[in-house]
Enquirer: 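Sharing a structure with you now.
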Amino acid sequence: GLSPPRPYARTARRPQPPQPPNMTKPRVLLVGGASLLFLGALLGVRDALFPPSNPVAEPELVSSDTAKTLTDKINDAISLIDPGKGYIPITPGSRRPPPVQIKQGVLGISKEGVGTAIEAETTTTGGSNEFNSYFCTTSEETGTSLGLHAGSSVDFIIGSVSSKGDFSMSMNQSTHNLVFLVKSEVILGTESIVGEAKLRPGTAAPTEDEESVRQFFEAFGDSYVSSITKGAGYYAAYNCKTTSRAEQMSARAELGASALIKGITVGGEVSSAFSDFQKSSGTECDFTQKILGAPFLPTPPETEAMEFARNFPARVKDQLSAPVVLSMTYSGYENVNALGGNPFIDKMAINRAKFIGPYRGLSVATPWVSNLATLNKVRSGIDVITRAYDYFGANLSKVDPDLVTKRTRNYAQMGGLILEVNRYMDGSPFGDFNVEPNSSMAQEGLPMVEFATARSQLFGEARGDPFDDGAQLSGQSLLKTVEQRWQLAKVQIEAEPTGDARWVTRIDTEYERGNGETKALARGRGHMQKRQSFFDTEPWPAVSGWLVLYQGDNRPKMPITNVEIRSGTQVDWLKFTAKNGLSVEAKSNDPKGTYDVVVPPNDDYIVHSFWGYADKDWINGFGVTWIKFVPCKWLKPQ
């Protein structure tokens, strides 16, 4: 076992926020290193953090930095959160590694390894190979399928101490997402404690006073590892970004009926099943994979992942020189005879149960860390909507002031729970935790983006092949397109200026989405495409050049604000003007159509995409689709 570390003050490792100065309103401080989101300076703000006996409106929260509003502070905090992992990291270097051996001490909430205080007999059961697949409708189901420890909700708040936890978080599974998980593990064996655990020689039982138990907690934690399983594993997952319970169940039924997925254990390769599902449903599915305990193996291409998983045991056979911990269980020190009667040890066990789960006869409706994990999901959902509003140039405060209020409440409540977690971890595990922090936002549900749409009339005629950029971009619907954050990035127009026919011949558009992906669409063939060489008799077209509206992460937000058109049986003049005054147009000579200015229902709508009719040469009919964000919808917990 590990020798007991020298006791030290955890407050030196987890700095407490400074006390706010005297003031009439509570303050929120976001303090710490570049990767720390900490709202702990809510000390004394009891009504904001704990529900009073007579409910009152939560007090206004103001920033500790008078030069910044709370919204600014929240946005600063959001910028520090890794969007790929979605959790709130604590200061780098401040966490200790997870336990690595049987009997080692553990800090129950964070699952950090500390010194070893006990001795006990152990037994090791034989190894085995496991190959399984799972459909998971919640992140909790995904964690259970991976074999993560109880209380792993904290992983989603302050970062995981386990590689499996990191993999689970990397999926960024949100409410109503469907995850298909494949797990292939080579288990070398499970070592478990049998019989009675006792204090090891040289480790004195703490006396029945606060300081003695605090020193024991600092050195050995509040629990110990009661079993540990080691080996190697390969994990692969598809996260289908379904956005409702109905979509989730429909996806599960469709994918579950796939012969490829049914045959996964006997040779099925499921990548094509998910590719087909994405095409048919328009639902995005992200692929993630990870290898543990076998660093000598490279990860396979997605199309070979299932074959790799089935053959993983054979690939690593006799080569596991560096097995990893695949799973472990814990037991509290209150179960050690020499410690169980100590009132401070018993109080520590009761408090631990309030955070991560039941203890003996104590029943906790919802462990506090689970509430914190739910609040973090709410934060993530609000973050997604905030980015969508920003991406499309919508004003969040104007569109959904209730969301702004709830975002502030959610951060305040997260701060109250983080404050209690840190109070426990910073040397007061047996303190007074009788009042549960306010976590009412956990019952509000999760926010989903909502918007209204409007279409202009059709200018020209409904002749030729219909097109609708808004639906085509996602392959399903305008709703999916907006959810996937497709935005018109640039547009170019072509018209034929000479000859008997004088109309707009082609519209080129490029759309961009939030992850940087682009998609080009062309309507009408255009005479530029018909010319084969410089000496062709086809007339040169009039090409407008590109009007750039959005481009890259640092794109200027310059949406189209004005559309002018002249049309009759076809479209013979088209002009787009952006917010910055730049414009592009293409027109034929001697236009004879009717002139119109295409205007949205009101100023809250923005141009999103185009629709209309085109044949092999001309744009026969043209229309505009606008969108307007409206207050988000909150999906209540089921």
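This is a predicted model, so every value here is computed, not measured.
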Enquirer: Indicate the ring-plane relationship of Tyr424 and Phe217, choosing parallel, tilted or perpendicular according to the 30° and 60° boundaries.
Expert: perpendicular
Enquirer: Compare every heavy atom of Glu196 with every heavy atom of Asn337, then report the nearest pair and how far apart it is.
Expert: ND2-OE2, 2.6 Å
Enquirer: To the nearest 0.5 Å, tell me how far Ser226 OG sits from Ile102 CD1.
Expert: 6.5 Å
Enquirer: Are any of the side-chain heavy atoms of Met249 and Thr137 separated by less than 4.5 Å?
Expert: yes
Enquirer: So do Lys354 and Asn351 actually touch side chain to side chain, heavy atoms under 4.5 Å?
Expert: yes
Enquirer: When you compare the side chain of Pro631 with that of Asp402, does any pair of heavy atoms fall below 4.5 Å?
Expert: no
Enquirer: So, does Tyr389 use its side chain to make a donor-acceptor pair with the main chain of Asp400 at under 3.5 Å?
Expert: no
Enquirer: Going from CZ on Arg409 to CG on Asn438, what distance comes out if it is rounded to the nearest 0.5 angstrom?
Expert: 7.5 Å
Enquirer: Within the structure provided, determine whether Leu403 and Trp634 are in side-chain contact (heavy-atom separation under 4.5 Å).
Expert: yes
Enquirer: List in chain and number order the residues that pass side chain to side chain contact (heavy atoms under 4.5 Å, CB included) with Thr144, two or more places apart in sequence or in another chain; answer none if no residue qualifies.
Expert: none
Enquirer: When rounded to the nearest 0.5 angstrom, what is the spacing between CG in Asn342 and OG in Ser212?
Expert: 7.5 Å
Enquirer: Can you see which heavy atom on Arg352 is nearest to which on Gly332, and at what distance?
Expert: NH2-CA, 3.8 Å
Enquirer: Nearest heavy-atom pair of Ala309 and Phe131: which atoms, and what distance?
Expert: CB-CE1, 3.5 Å
Enquirer: So how far is it from Thr405 OG1 to Asn410 CG, rounded to the nearest 0.5 Å?
Expert: 12.5 Å
Enquirer: Could you check whether any side-chain N or O of Lys183 sits under 3.5 Å from a backbone N or O of Ser145, counting only pairs where one atom can act as donor and the other as acceptor?
Expert: yes
Enquirer: Compare every heavy atom of Ser184 with every heavy atom of Pro313, then report the nearest pair and how far apart it is.
Expert: CD-OG, 3.8 Å
Enquirer: Going through the checks in order, is the side chain to side chain contact (heavy atoms under 4.5 Å, CB included) test met by Ser439 and Leu375?
Expert: CA-CA 8 Å; Ser439 55; Leu375 293 176; 4.2 Å; yes
Enquirer: Using side-chain heavy atoms (C-beta onward) and a distance below 4.5 Å, is Lys241 in contact with Asn239?
Expert: yes
Enquirer: Is there side-chain contact between Glu185 and Phe312, with at least one heavy-atom pair below 4.5 Å?
Expert: no
Enquirer: Contact between Gln413 and Ser440 at the side-chain level, heavy atoms closer than 4.5 Å - yes or no?
Expert: yes
Enquirer: Would you say Lys198 has more than 12 foreign heavy atoms packed within less than 6.0 Å of its NZ?
Expert: no
Enquirer: Which heavy-atom pair separates Pro447 from Cys632 by the least distance, and what is that distance?
Expert: CB-SG, 3.8 Å
Enquirer: Side chain to side chain donor-acceptor pair (under 3.5 Å) between Thr190 and Thr229: does it pass, once the steps are laid out?
Expert: CA-CA 4 Å; Thr190 299; Thr229 300; 2.7 Å; yes
Enquirer: For a side chain to side chain donor-acceptor pair (under 3.5 Å) check, start with the C-alpha distance between Lys377 and Ser139, then their side-chain angles and the critical distance, and finish with the verdict.
Expert: CA-CA 10 Å; Lys377 290 180 182 178; Ser139 56; 3.0 Å; yes
Enquirer: Please lay out, stage by stage, how Tyr134 and Glu141 fare under the test side chain to side chain contact (heavy atoms under 4.5 Å, CB included).
Expert: CA-CA 9 Å; Tyr134 313 85; Glu141 284 185 8; over 6 Å; no
Enquirer: Excluding sequence neighbours, so at least two apart, what forms side chain to side chain contact (heavy atoms under 4.5 Å, CB included) with Ala205?
Expert: Leu199, Leu339
Enquirer: Under 3.5 Å, is there a donor-acceptor pair between the side chain of Gln248 and the main chain of Asn177?
Expert: yes
Enquirer: Given 3.5 Å as the limit, does a donor-acceptor pair link the side chain of Asn129 with the main chain of Val186, or not?
Expert: no
Enquirer: I'd like to know whether the aromatic ring centres of Phe344 and Phe216 sit less than 6.0 Å apart in this structure.
Expert: no
Enquirer: Would a 4.5 Å heavy-atom cut-off, applied to side chains only, mark Asn376 and Met414 as touching?
Expert: yes
Enquirer: In Å, rounded to the nearest 0.5 Å, how long is the span from CD1 of Ile193 to OG1 of Thr123?
Expert: 12.0 Å
Enquirer: When the ring planes of Trp368 and Phe355 are compared, do they come out parallel, tilted or perpendicular, using 30° and 60° as the limits?
Expert: perpendicular
Enquirer: List the steps and the verdict of side chain to side chain contact (heavy atoms under 4.5 Å, CB included) for Ile356 and Lys111.
Expert: CA-CA 11 Å; Ile356 63 174; Lys111 301 300 182 287; 3.8 Å; yes
Enquirer: Measure the CZ-CE distance between Arg407 and Met441 for me, rounded to the nearest 0.5 Å.
Expert: 11.5 Å
Enquirer: Between Leu446 and Val378, is the side chain to side chain contact (heavy atoms under 4.5 Å, CB included) condition met? List the steps.
Expert: CA-CA 5 Å; Leu446 295 175; Val378 174; 3.6 Å; yes
Enquirer: Nearest heavy-atom pair of Val179 and Ala237: which atoms, and what distance?
Expert: CG1-CB, 4.2 Å
